Amino acid sequence: MAISICFSLLLIVLFQFPSSHAEPFIGVNYGQVADNLPPPSETAKLIQSTSIQKVRLYGADPAIIKALAGTGVGIVIGTANGDLPSLAADPNAASQWISSNVLPFYPASKIILITVGNEVLLSKDPNLVSQLLPAMQNVQKALEAVSLGGKIKVSTVHAMSVLGSSEPPSSGSFASGYQAGLKDILQFLSDTGSPFAINPYPFFAYQSDPRPETLAFCLFQPNAGRPDHNTGITYMNMFDAQVDAVHSALKSMGFEKVEIVVAETGWASRGDPNEVGPSVDNAKAYNGNLIAHLRSMTPSGKASTGWCVSKKDATDEQLQSSIDWACGQGIDCGAIQPGGACFEPNNVASHAAFAMNMYYQKSPKRPTDCDFSQTATITSQNPSYNSCVYPGGVGGAGSAGVMNKYVNSDKIESKKNGAVESKVYSSLSFLLIVVSLIVHVNM
């Protein structure tokens, strides 16, 4: 892997296993390895002007922690890998760390989690690895000594490579070389109610299998899906598959109820000339589609009314992909088949509008259910015409229609829009709690 890869957008996503009370939040990974960053006070104002409610720091910068005081924003702070030897060997060192990095700021600054080290198991340093759990335990004891045990959780962050198997997701398991050490860490997390933190990167999965269909699968774009024959689930994106593989690995070791935290994910925006995958467009697609996907998995306010139709600036290629995907989700696309009530006008824009709306009307009708990789939009105007009826809207399928704005399109398409056999869409066993996006500043 080239060291020049630049991940311009990162996400932190927290998931909680079965809970009917989980709510979505927007948050931010606050990276500081950059030039011309705004002062913490300005960043805090920026965060408050958005819906961001969680921030992850890679260290424990006092200026940032202090700047977030009184904002109500949940803060994740971390110890460096180089801190582990002292934290593991000396409980007083852990107490001093808490005294310096937590007590001066809490509770005005809402610190919710301390990550002890980052991807330590991959360090190939047996001494450092052996010090990880004792360091976590001493930090936990230091919190308990000042009555913060349970109020602030303690964990550590892992790379996806701790898994030895991840395909299909139901067979996910930890690599044999890590299982012994992980068992004690998982027991600690279970005993303290702390989360298992992981860094999944579909980007690397694509680099190892750089086919066009793999790219679509990794970027949440329309694709044929990948079935897990053990569960009957067909996964429509790599992120869901990777996180479910982690869940399976936890289950295989008897820790199914341990919460999963996706501490970091993203897509490379820049890399070496010979590298496959890095680009600004891919990074934008991954992060934007991931956020939309995760938001669509959670309850959110009132369902939208109206009809879902294709955007005017969408290309035929994009719209055809959306048709293929939507018709593959079990909806009835017979009306846009030859001889169907909505086959004419025989062009991609008109057929896509019908297929998108059919899918949307079967969904919970959240705005994200009418996204289709940003090629669709919700309209209050009934697009029904002649005998072609678009279900939906406030008045339902019987509402008075207006002329379909797609009937005069001169983009004639000869492709047949065949309906595909119904697939089972992944109903993941977790609910979104936090989604966070790094603020990428260019000044």
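Please read all numbers here as calculations on a predicted model, not as lab measurements. One-based numbering along the sequence shown.
When side chains are defined from C-beta on, I198 counts as touching V246, because their heavy atoms get closer than 4.5 Å. Side-chain contact check for V129 versus K124: every heavy-atom pair is 4.5 Å or farther apart.
The main-chain N or O of P200 is found under 3.5 Å from a side-chain atom of T265 such that the two form a donor-acceptor pair. Side-chain N or O atoms of S194 include one that pairs as donor or acceptor with a backbone N or O of V154 at under 3.5 Å. Between the side chain of D272 and the backbone N or O of N274 there is no donor-acceptor pair closer than 3.5 Å. At least one donor-acceptor pair under 3.5 Å links the side chain of D228 to the backbone N or O of S170. Formation of a donor-acceptor pair under 3.5 Å by the K153 side chain with backbone atoms of T192 is found in this model. In this structure, the side chain of S350 does not engage the main chain of N346 through any donor-acceptor pair within 3.5 Å. Within the 3.5 Å criterion, the main-chain N or O of T156 finds no donor-acceptor partner in the side chain of T115. Remark: side-chain polar atoms of T79 are paired, donor with acceptor, to backbone N or O of G117 under 3.5 angstrom. Of the possible polar contacts, none joining the N386 side chain to the C388 backbone as a donor-acceptor pair under 3.5 Å is found. Judged purely by atom type and a 3.5 angstrom limit, S123 has no side-chain atom pairing as donor or acceptor with the backbone of E119.
A donor and an acceptor atom, one from each side chain of S384 and N382, are located under 3.5 Å apart. Side-chain contact, Q32 with D61: a donor N or O sits under 3.5 Å from an acceptor N or O. Using modelled atom types, one finds no donor on one side chain facing an acceptor on the other under 3.5 Å when comparing Q320 with D316. Judged by distance alone, the side chains of Y385 and E344 never bring a donor and an acceptor atom under 3.5 Å apart.
Between W267 and F203, the ring planes are perpendicular. Angles over 60° get that label, and only those under 30° would be called parallel. Between F354 and Y390, the angle of the ring planes goes over 60°, which puts this pair in the perpendicular group of the 30/60° scheme. Ring geometry for F372 versus Y359: interplanar angle over 60°, hence perpendicular rather than tilted (30 to 60°).
By the side-chain contact (heavy atoms from CB on, under 4.5 Å) test, S109 pairs with I65, A69, I75, F105, sequence neighbours left out. With sequence neighbours excluded, the residues forming a side-chain contact (heavy atoms from CB on, under 4.5 Å) with N118 are R56, N81, V157, N199, listed by chain and number.
More than 12 non-hydrogen atoms from other residues, nucleotides or ligands lie less than 6.0 angstrom from CD of Q179.
Counting all heavy atoms, side chain and backbone alike, M236 lies closest to A224 at CE-C, 4.2 Å. Across all their heavy atoms, W325 and P222 have their closest contact at CB-CB, 3.6 Å.
Between F343 and H351, a ring centre-to-centre spacing shorter than 6.0 Å is recorded. Ring centers of F174 and F196: under 6.0 Å apart, within the cut-off.
The pair D209-R211 meets the salt-bridge criterion, with a side-chain N (NZ, NE, NH1 or NH2) lying under 4.0 Å from an Asp/Glu carboxylate O.
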